[in-house]
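Here's the structure, in structure tokens; my notes come after.
These numbers come from the heavy atoms of this one structure, side chains and all, not from hydrogens, waters or symmetry mates. The chain is numbered in sequence order, starting from 1. Because the structure is predicted, anything quoted here is derived from the model rather than measured.
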Amino acid sequence: MKKLGFLLALILCLMVFPKSVDAASSGATIYLDGEQLSLSSGVKVDNIKGNVMIPIRVVSENLGFDVRWDKSTRSVTVSSSDKSVRMVVGNAQAELDGALVDLNLPPVLSGDTTLVPLRFVSHQMGLDVKWDNAAKAVYLTSPVPSSPDAGAPGSGGGSGTDSPAPGNNAELSALTGISFSDNRLMISTDGTVTPSVFPMKGPDRIVVDLPNTAFSEAFLADHVMNPTSGGEMAVTDYPDVSKIRFALFSHSPSTVRVVIDLNGPASYGVTHESGLTIVDLNAEGDTGIPPIPPVSGSGKKIVVIDAGHGGSQPGATSVTGKSEKVMNLDLALKVEALLKNEKNIEVVMTRSDDSTLGLKDRVKIANDLKADIFVSIHGNSSTSSSPNGTETYYTREASKQLANVIHKHLAKATGLFDRGVKYSSLHVTRETKMPAVLLEIGFLSNKGDEAQLFNEDFQNRVAQGIVEGIKEYLK
């Protein structure tokens, strides 16, 4: 296990060494569990762009793994009895048992030697790596397993006697939701989290590391996750971004990594407050991490538009087999587009694509942003085909005026039977701290209503009515 952990530590890179490391580190020594490794003549540790690099020969000569070099493809494959890692010179991705993983710095050729980056790896990879700049030494420490299976992928074991099993530590914070809208990535977490956000190149991406964090059970239930590569969320209609990826990147400490895959270099700003981390690609300036004021500090009225359901939660099914989540999102995006024309309103979407988001996360986004109002858009349904019409729900007394104002415009815009404003103890209208309403536009279970709900002209008219109601309420 020690050898395998060391091999993977060389290949899968998680932490960049400090840039204070200088070129003199080419004479560095390497210690494994307190014992200095005896390197062959001419084998040296090097520093490239602040990353400690180690010759692949160390893997072969000192640890006895099978190393094969393919000159035609400029690739090196390192194999053990049950693992195989293939890397290509200049390529920032490695292939681990058929799955692609990111490298912070690709392998390089130095003369006739192939160098790979050495970085800190969690107990999942079986090794702790420390750099002593004064001594120009790399210290590698293998954890002491608490059981024969501890540290083995999928075993649930800790990295050592003091390390908790992933997902079973009550002190861990939980990632509860991820959303991307308005060119902003929003990450909701429970507990105290201090995110680390940094750009990477080859290809361009923005990385968000959440230390001492694991995925919540609700998040795992709602997202398809591969044990090796994690999961991803497709992003459309945003030219800067191709997709969002997320994975449990480390077990010790438990670290969740969220990656924004970019189509090129992009500026961004980061805000973090009360469990809501926002990476805003609307920031201006040089590529990097220019601080931007939080949305709540813009001086504008903040309106959160919530497209109900989404992803693995389709909502109701219409009489012709259409999903409520589709109608909700189509209408919400139309409302968003109209609100963006209002110079005194800042609109934030809880979701702008077919992603899964829990009720708590929708509420958390609005509360953490200190929004002025929250509007959730839904389609109604009944076990009978008879009920029809438009209705608006509120829970707290502070929301009643908003409900009355928006419903007046909504009912007029739909032209459907007016079912009025009603009280109901719904999670998103009960737990939000600002005036909040839930709009039931019409019944998907009613043939007449359903014929309108997916109609483009109808949705445009309804979106305009919702916006007029919002504007009147906000004066």
Can you check side chain to side chain contact (heavy atoms under 4.5 Å, CB included) on I441 and L410, steps first, answer last? CA-CA 8 Å; I441 309 303; L410 175 63; 3.9 Å; yes
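- A salt bridge links R257 to D209: one of the charged nitrogens lies within less than 4.0 Å of a carboxylate oxygen.
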What do the steps show when you test R419 against E440 for side chain to side chain contact (heavy atoms under 4.5 Å, CB included), and what is the final call? CA-CA 10 Å; R419 298 174 62 90; E440 296 282 12; over 6 Å; no
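- For the residue pair E450/T320, the side-chain donor-acceptor check at 3.5 Å is satisfied.
- Side-chain N or O atoms of R351 include none that pairs as donor or acceptor with a backbone N or O of S179 at under 3.5 Å.
- Screening residues 339-389 for ring pair (Phe, Tyr, Trp, His ring centres under 6.0 Å) gives H309-H378 as the qualifying pairs, with residues at least two apart or on separate chains.
- Y238 meets the side-chain hydrogen bond (donor to acceptor under 3.5 Å, both in side chains) test with no other residue; sequence neighbours excluded.
- Side-chain atoms of R362 come within 3.5 Å of backbone N or O of L357 as a donor-acceptor pair.
- Judged purely by distance below 3.5 Å, without hydrogens or angles, the side chains of S425 and R430 pair a donor atom with an acceptor atom.
- With sequence neighbours left out, the side-chain hydrogen bond (donor to acceptor under 3.5 Å, both in side chains) criterion links K334 to E456, Q459.
- Residues meeting the side-chain hydrogen bond (donor to acceptor under 3.5 Å, both in side chains) test with N183, sequence neighbours left out: none.
- Residues passing the side-chain hydrogen bond (donor to acceptor under 3.5 Å, both in side chains) test with S216: none are found, sequence neighbours excluded.
- The side-chain hydrogen bond (donor to acceptor under 3.5 Å, both in side chains) analysis of residues 394-406, with sequence neighbours excluded, yields the pairs T395-T429, R396-T432.
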When you look at D306 and T350, which way does the side chain to side chain donor-acceptor pair (under 3.5 Å) test go after all the steps? CA-CA 5 Å; D306 174 47; T350 58; 2.7 Å; yes
